[in-house]
> 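Let me begin by handing over the structure; questions about it come next.
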2 protein chains.
Amino acid sequence: MAAEETIRVLVVEDHHVVRQGLVALLNVVDGIEVVGEAADGVDAITQIRKHQPHVTLIDLRMPRLTGVEVIQRIRMETPQARFIVLTTYDGDEDIYRALQAGAKAYLLKGMTTDDLVTTIRAVHSGKSHIPPAIAQRLAERMGTEELTPREFDVLEQIVHGRSNKEIASFLDISEATVKTHINSLLGKLGVTDRTQAATAAIQRGIVPLESLRKQKP
Amino acid sequence: MAAEETIRVLVVEDHHVVRQGLVALLNVVDGIEVVGEAADGVDAITQIRKHQPHVTLIDLRMPRLTGVEVIQRIRMETPQARFIVLTTYDGDEDIYRALQAGAKAYLLKGMTTDDLVTTIRAVHSGKSHIPPAIAQRLAERMGTEELTPREFDVLEQIVHGRSNKEIASFLDISEATVKTHINSLLGKLGVTDRTQAATAAIQRGIVPLESLRKQKP
DNA sequence: GAAGTTCTCAATCCATTGGTGGAGGTGGGG
DNA sequence: CCCCACCTCCACCAATGGATTGAGAACTTC
């Protein structure tokens, strides 16, 4: 490989402090140049089109467009674009969807500079770079069935602490139907009761933690 | 106030990227000097004793010693030490305990540079600086009773998805006693069933999300 | 030593939840 | 056109969970 080619990197991250940190770290590394920064999904797309970076570091949870959406859109028009996903917490669902969308690697924000640089170089040279622990869980998730939209609705309500009766009236269906959905989603999640379903949903990022404080009617 | 006095700041944060970001941001601000960095609680105490910073920016969740423990110990020996707490997610419990321990302000990692600098100046000049939204929830929490140790044990098991029977055998008490504890902790948390208790516990940071993947026997 | 807190346990009662099996209706894809 | 996935609903049953009341033992605090 051409050791002297400079890798052009774009940093997409809504947290100002983290973005600054990444840029500061990368700017002192030989062979890597930060060609731009973006703080939300829409901005990210603009910047990527403008700068055509070799590698884009991208956060998943952002205003306006999520990281996954950005990856999908860009890879539609530029399939050779390479993405490294950044997240704070390694929620399974996020990884899964990002890699589905075509991300080539995955980094936790607690990483070392070495991790960061190694991963950028690897991805730039065409490799994927998934930590074993994550690859492991990803493989497990592969065999798992997806929740249907309606099952997801019910799960969301369970996480919000609603009873079957409340869920039924909220979704305007009968309590019997709610039970049916619960029964099948318990199976798909591999758990045995609603409390486990709720914590699993939060832990895997199926239902975001932020949604909890909101809308409590 | 003396506008020409340089504020000596110490940054304590285990995430390398975030720490770099804070230092990079602060180093270009007039009147603020970063005198040191630490990546865990024990290191933090050493650095604070050595550099005697005016203000310490400190993360709460760290290896070896938590931020709260660091604040408690330092304020025992140096009550005039001032702390600004940093966290990613505004879990109520963390704020509560940190402010109890003597922290003077609270910042989310999604803050702007302005927030950061304003807060540091305010805290250095002796003020507290709590965002209204957080002060609000803090006030609500004030009237709330603390969980007893045993109630906490039970709540932890609930979050891990155990049934009353399993909790009873795990804690080596009768199922009746488990029910008693649950009954009183539901009241204290202001919820009506175990699923709500579980999500409330996670949301408020009473039981950390990280503990979920571990120990599942 | 009296008062308060916590932890322990029991009995009873009713509501909620989860398991099982079956069934009709819709809409899309082969 | 038929099959399949999904959504909807019913009935029945067993298990679990939560509310209530009451009470004894251990420990701390005043």
Side-chain angles (χ1 to χ4, degrees), chain A residues 93 96-97 100 141-202 206-207 216-217, chain B residues 93 96-97 100 141-202 206-207 216-217:
Chain A
E93 224 53 33
Y96 184 65
R97 279 199 277 267
Q100 285 274 341
R141 177 136 322 337
M142 279 305 187
T144 321
E145 293 157 287
E146 289 279 320
L147 295 188
T148 69
R150 212 48 171 167
E151 285 161 4
F152 178 83
D153 291 341
V154 173
L155 178 57
E156 198 170 25
Q157 295 303 308
I158 289 178
V159 174
H160 281 73
R162 261 83 155 190
S163 70
N164 291 350
K165 196 170 300 191
E166 289 170 328
I167 297 174
S169 92
F170 184 86
L171 297 180
D172 202 36
I173 54 181
S174 89
E175 208 178 324
T177 307
V178 174
K179 285 188 173 191
T180 305
H181 290 312
I182 290 179
N183 220 285
S184 74
L185 73 83
L186 290 183
K188 289 182 182 177
L189 292 178
V191 300
T192 61
D193 61 53
R194 57 172 52 220
T195 305
Q196 290 178 11
T199 56
I202 294 172
I206 300 174
V207 176
K216 272 198 174 178
Chain B
E93 224 53 35
Y96 183 66
R97 279 200 277 267
Q100 286 273 339
R141 179 134 321 337
M142 278 306 188
T144 320
E145 294 156 285
E146 289 278 322
L147 295 187
T148 69
R150 212 50 170 165
E151 285 161 4
F152 178 83
D153 291 341
V154 173
L155 178 57
E156 200 170 25
Q157 294 304 308
I158 289 177
V159 174
H160 282 73
R162 261 83 157 190
S163 70
N164 290 349
K165 197 171 299 191
E166 289 170 329
I167 297 174
S169 91
F170 185 86
L171 297 180
D172 202 36
I173 55 182
S174 88
E175 207 178 326
T177 307
V178 174
K179 285 189 173 191
T180 305
H181 290 311
I182 290 180
N183 219 285
S184 73
L185 74 83
L186 290 182
K188 289 181 182 177
L189 292 177
V191 299
T192 61
D193 61 52
R194 58 174 48 220
T195 305
Q196 289 178 11
T199 57
I202 294 172
I206 300 174
V207 176
K216 273 199 174 178

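FYI, side chains are in, hydrogens and waters are out, and symmetry mates aren't considered; it's all heavy atoms of this structure. Numbered from 1 within each chain, the chains take letters A, B, ... in sequence-line order.
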> Does B:L155 reach the side chain of B:L189, with side-chain heavy atoms less than 4.5 Å apart?
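A side-chain contact exists here, since the closest heavy-atom pair is under 4.5 Å.
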
> If the sugar-phosphate is the primed atoms plus P, OP1 and OP2 and the base is the rest, what is the B/S/- string for nucleotides 3-8 of chain C, using protein heavy atoms under 4.0 Å?
---SSB

> Side-chain contact test, heavy atoms from C-beta onward, threshold under 4.5 Å: evaluate it for B:L171 versus B:V178 and give yes or no.
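Of all side-chain heavy-atom pairs linking B:V178 with B:L171, none is under 4.5 Å.
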
> What string of B, S and - do you get for nucleotides 24-30 of chain D, 5' to 3', when a contact is any protein heavy atom under 4.0 Å?
-------

> So which atom in A:A198 and which in B:T195 form the shortest heavy-atom distance, rounded to 0.1 Å?
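Reported closest heavy-atom pair: CB-CG2, 3.9 Å.
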
> Looking at five pairs on each end of the helix from C:dG1-D:dC30 to C:dG30-D:dC1, what is the angle between the two axes, given to 10 degrees?
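Taking the rotation axis at each end, their angle is 50°.
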
> Could you measure the distance from the OG1 atom of A:T148 to the CD atom of A:E146? Nearest 0.5 Å is fine.
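Spacing of OG1 (A:T148) from CD (A:E146) equals 10.5 Å.
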
> Is the closest side-chain heavy-atom distance between A:L185 and A:F152 below 4.5 Å?
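Not touching, per the 4.5 Å side-chain cut-off.
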
> Using the 3.5 Å cut-off, write out each protein N or O paired with an N or O of nucleotides 24-30 of chain C and the distance between them.
none

> Taking all heavy atoms of A:V159 and all of A:A201, pick out the closest pair and write down the distance.
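Closest approach of A:V159 to A:A201, heavy atoms only: CG2-CB, 3.8 Å.
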
> Identify each atom pair where a protein N or O and an N or O of nucleotides 15-19 of chain D are less than 3.5 Å apart, giving names and distance.
residue	atom	partner	partner atom	Å
D:dG17	OP2	B:N164	N	3.2
D:dG18	OP1	B:R194	N	2.8
D:dG18	OP2	B:R194	NE	3.1
D:dG18	N7	B:K179	NZ	3.1
D:dG18	O6	B:K179	NZ	2.7
D:dA19	OP2	B:N183	OD1	3.3
D:dA19	OP2	B:N183	ND2	3.0

> Grab the two heavy atoms, one from B:R194 and one from B:I158, that are nearest each other, plus how far apart they are.
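Looks like O-CG2, 3.6 Å.
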
> Nearest 0.5 Å, what's the CD-NE2 distance between B:Q196 and A:H160?
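So the CD of B:Q196 and the NE2 of A:H160 are separated by 11.0 Å.
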
> Please give me the minimum heavy-atom distance between A:Q157 and A:I167, naming the atom from each residue.
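The answer is CB-CG1, 3.5 Å.
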
> May I have all residue pairs that pass salt bridge (charged side-chain N to carboxylate O under 4.0 Å, His left out) and include part of residues 147-160 of chain B, sequence neighbours excluded?
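Passing the test, one end in residues 147-160 of chain B: B:R150-B:D153, B:E151-B:K188.
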
> Restricting to non-hydrogen atoms, name the atom on A:T177 and the atom on A:I173 that form the minimum distance, rounded to 0.1 Å.
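Taking every non-hydrogen atom into account, CG2-CD1, 4.0 Å.
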
> Testing the basics here: between A:A168 and A:S174, what is the closest heavy-atom pair and its distance to 0.1 Å?
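Looking at all heavy atoms of both residues, the shortest contact is CB-C, 3.8 Å.
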
> Kindly indicate whether the side chain of A:I182, heavy atoms from C-beta on, has any atom under 4.5 Å from the side chain of A:V154.
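Yes, their side chains come closer than 4.5 Å.
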
